[in-house]
Amino acid sequence: MNSSSSSLVRNELDPDRLPKHVAIIMDGNGRWARKRLMNRINGHEKGVETVRTIVRTARQLNIAALTLYAFSTENWQRPKAEVAGLMLLLTRFLDTERPTLFDNQIRLNTIGQTERLPNGVRQKLESTIAETAGHTGMVLTLALSYGARAEIVDMVRKIATSARQGSLDPEAISAETIADHLYTRGLPDPDLLIRTSGEQRISNFLLWQIAYAELYFTPTLWPDFSKDEFIRILQDYQRRERRFGAVPSASTGP
Ligand code: FPP
């Protein structure tokens with residue numbers, strides 16, 4: 001038994017019913033810091049530790065794709081010092097996580113308007129993405145300067161341009177055409193979306209892609225989110241019956 005399957009047995013998870021893609025809205029860093037009379041950036045620092053734990057756990061469990069909402073288009077409106085602090089944490093994260101990405105065959109990916117990120121961060125992201133491009137263990141996608149409506153606007157522009165140029169017949173546009181023009185092209189849709197900190201909102205995250213995702217809201221603030229809670233949520237996911245709009249299997253009689 002390899003280490004991944006033994007860890008599944010230990011955690012009472014059925015390897016055949018794991019979500020292929022888990023997406024997480026990491027929320028509550030600021031409140032975690034405020035409760036301790038700390039600076040918001042201390043909350044983000046602690047949040048990065050949780051990111052490390054959850055990336056490792058997802059990989060250990062053999063989850064194929066993990067997508068983390070790290071910075072939204074709306075986050076640009078935060079105080080300059082907080083934005084700069086988050087960019088610094090992201091740069092440091094790319095340095096410190098490098099060995100983990102290599103040792104665990106994790107491929108780094110980003111979604112969002114990354115051209116808006118400061119040069120230094122963007123270059124580090126680009127080089128890490130290029131260096132890990134051949135990794136096949138798990139794809140870790142960081143949503144950075146990401147907003148789903150902006151993604152949809154970009155998608156419509158690309159499709160409209162192709163239609164105008166005559167390379168795409170408007171009648172031939174399908175759900176697949178749309179998926180192929182989103183930033184998430186090539187990724188499976190998330191099966192499970194988790195949001196921490198008690199807010200029950202989607203906040204402009206992956207609006208098209210979560211059409212059939214199971215949603216899980218936990219009151220835990222992101223810096224307090226743990227491997228154990230992640231596993232409990234996966235167990236809960238495995239108890240749910242996913243129907244994708246069809247009738248339950250037991251009710252399909254005459
Ligand atoms: C929400 O907390 C969290 C964020 C805006 C960003 C999440 C960022 C990290 C976990 C750190 C950087 C990430 C990586 C991948 C290195 P909030 O500030 O909105 O919390 P609040 O709602 O309690 O104020």
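- A salt bridge links E97 with R56: at least one charged nitrogen is closer than 4.0 Å to a carboxylate oxygen.
- Residues T73 and S145 come closest through the heavy atom pair CG2-O, 3.5 Å.
- A donor-acceptor pair under 3.5 Å links the side-chain atoms of S72 to the main chain of N75, judged by distance alone.
- Only one option out of R239, R17, R240 pairs with E214 in a salt bridge (charged side-chain N to carboxylate O under 4.0 Å, His left out); it is R240.
- Ion pairing between E12 and R232 fails under the 4.0 Å rule for side-chain N and carboxylate O.
- Between F71 and W76, the ring planes lie perpendicular to each other; the angle is over 60°, past the 30° to 60° tilted range.
- With respect to the salt-bridge test (charged N to carboxylate O, under 4.0 angstrom), the residues K46 and D224 do not qualify.
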Report task. List the steps and the verdict of salt bridge (Lys or Arg N to Asp or Glu O under 4.0 Å) for E199 and R31. Result -> CA-CA 12 Å; E199 310 291 350; R31 275 162 284 169; 3.2 Å; yes

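- A distance-only check finds no donor-acceptor pair linking the side chain of T114 to the backbone of T110 [under 3.5 Å].
- In terms of modelled atom types and a separation under 3.5 Å, the side chain of S162 and the main chain of K158 share a donor-acceptor contact.
- A donor-acceptor contact under 3.5 angstrom links the side chains of T96 and R52, judged on distance only.
- Using modelled atom types, no side-chain atom of N104 and backbone atom of I106 make a donor-acceptor pair closer than 3.5 Å.
- For the 3.5 Å distance criterion, the side chains of H21 and Q209 fail to qualify, holding no donor opposite an acceptor.
- S203 and R195 are linked by a side-chain donor-acceptor pair at a separation below 3.5 angstrom, with hydrogens and angles left out of the test.
- Between the side chain of N204 and the main chain of A148, a donor-acceptor pair closer than 3.5 Å is present.
- In this structure a side-chain-to-backbone donor-acceptor pair under 3.5 Å is missing from W32 to L221.
- Of the possible donor and acceptor atoms, one in the side chain of D191 sits under 3.5 Å from a partner among the backbone N and O of K20.
- Put simply, the side chain of F225 reaches to within 4.5 Å of the side chain of T218, judged on heavy atoms.
- Side-chain atoms of S174 and T177 form a donor-acceptor pair, as typed in the model, at a separation below 3.5 Å.
- Defined by atom type and a distance below 3.5 Å, a donor-acceptor pair is present between the side-chain atoms of E151 and Y146.
- Enclosure of atom CZ in F102 by more than 12 non-hydrogen atoms of other residues, nucleotides or ligands within 6.0 angstrom is indicated.
- Using a cutoff of 4.0 Å between basic side-chain nitrogens and carboxylate oxygens, E115 and R122 are not scored as salt-bridged.
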